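Bear in mind that the values here come from a model prediction, so they are computed numbers and not experimental data. We name chains A, B, ... by the order of the sequence lines, and we start the count at 1 in each one. We use all heavy atoms of the structure for the numbers below, so side chains are in, but hydrogens, waters and symmetry mates are not.
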There are 2 protein chains.
Amino acid sequence: MKNATDLFFDAFANRNRFNILMQLRDKELCAGELQQKLKVEQTNLSHDLKCLLNCKFITVRKEGRKRIYRINNETKELVDEVANHVKNYEVYLKKCGILREEKNGRV
Amino acid sequence: MKNATDLFFDAFANRNRFNILMQLRDKELCAGELQQKLKVEQTNLSHDLKCLLNCKFITVRKEGRKRIYRINNETKELVDEVANHVKNYEVYLKKCGILREEKNGRV
DNA sequence: TGAATATATGAAATATTTATCATATATAAA
DNA sequence: TTTATATATGATAAATATTTCATATATTCA
């Protein structure tokens, strides 16, 4: 059974969703623009945007047949702080060894 | 292939590891004390502590046959900010619907 | 030295998350 | 009112993370 913290991380700590939030830090964007910038599948992006909307991490407004997404202020601050932490700890994260850094090249 | 942000979230956004960090906000604790407070398996706790150590989220010192763990300051601040955000957004997170809140009761 | 306590390690089993697929809806323009 | 564009939905397949299991190491005390 999940508590609020689990749900928060499910929403926020997801690679694709966090990338969306990172993009939206600077300016609001519509789904199509996000898709181009992030090079993700349309259907995935749509799922992720809905999740971020549900959780109130972003808001949306309609403009013609586009939907323009904007990050909310509190969430932006948290994203900035995480990005900063990651920068400072990058070297340790990369050699953790418990976390799997990447699939190695050999088949 | 994982980047530093992915690794950060793998380490930080894990239920058990984040609970450890939450416990360590107030005071340093040894593994046995964490085990009692969190009611987790010894072997799991040990894996998680190693991960947090590798990532420099916590430090450790020996005392007799115990090992005393302490959270580092920057990490503590981030944990506090996340805890605060979760409190403010709890109501929305719980009705997201994309995030699976819990296994429903029926078998 | 041998037993007891505290903690760590690595591999495999299990569970959960994320991506894909097929398709639906909503708006605009011809 | 049909077609094209932009975006959304839900079910399953595929990938990844977490737990468990069997066992190891390190320190203290008798």
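Closest to the side chain of A:Lys62, out of D:dT9, C:dA26, C:dT7, is C:dA26. Distances were taken from every side-chain heavy atom of A:Asn16 (C-beta onward) to each of C:dA19, C:dT16, C:dA8; the shortest belongs to C:dA19. Among C:dG10, D:dA4, C:dA8, the nucleotide with an atom closest to any side-chain atom of B:His47 is C:dG10. Distance from the side chain of B:Arg17 is smallest for D:dT18 among the nucleotides D:dA6, C:dA6, D:dT18.
Remark: B:Arg67 engages no residue in a side chain to side chain donor-acceptor pair (under 3.5 Å) (not counting sequence neighbours).
Across the protein-nucleic acid pair, B:Glu63 atom CD and C:dT7 atom P stand 11 Å apart, rounded to whole Å. If you measure from atom CD of A:Glu41 to atom C1' of D:dA15, you get 15 Å, rounded to the nearest angstrom. When the P atom of D:dA6 is taken as reference, atom CD1 of A:Ile68 falls 12 Å away, rounded to whole Å. Rounded to a whole Å, the CD atom of A:Gln36 is 13 Å from the C1' atom of D:dA6. Here C:dA19 presents its P atom at 17 Å from NZ of A:Lys39, a figure rounded to the nearest Å. Between the C1' atom of C:dA13 and the CG atom of B:Asn44 lies a distance of 13 Å, rounded to the nearest Å. One atom, CG of B:Asn14, and another, P of D:dT19, lie 7 Å apart when rounded to the nearest Å. Separating the NZ atom of B:Lys66 from the P atom of C:dA8 is a distance of 13 Å, rounded to the nearest angstrom.
Mapping B:Leu53 and A:Thr43 onto DNA chain C via the closest heavy atom, the residue that lands nearer the 5' end is B:Leu53. The residue among B:Leu45 and A:Arg67 whose nearest nucleotide of DNA chain C is located toward the 5' end is B:Leu45. Two residues, B:Gln42 and B:Asp48, neighbour DNA chain D, and the one matched to the more 5' nucleotide by heavy-atom proximity is B:Asp48.
Among the protein residues, B:Tyr69 comes within range of the sugar-phosphate backbone only, with heavy atoms under 4.0 Å from sugar or phosphate atoms but none that close to a base.
Paired with B:Tyr69 under the rule side chain to side chain contact (heavy atoms under 4.5 Å, CB included), one option of B:Leu52, B:Thr59, B:Leu24, B:Leu21 passes, and it is B:Leu24.
Panel note: side chain B:Asn14, backbone B:Ala11; no donor-acceptor pair is recorded below 3.5 Å.
A donor-acceptor contact closer than 3.5 angstrom is absent between the side chains of A:Asn84 and A:Tyr89.
A salt bridge does not link A:Lys37 to A:Glu33: none of the charged nitrogens lies less than 4.0 Å from a carboxylate oxygen.
Using a 4.0 Å cut-off, no side-chain N or O of A:Ser46 falls inside it from OP1 or OP2 of D:dT7.
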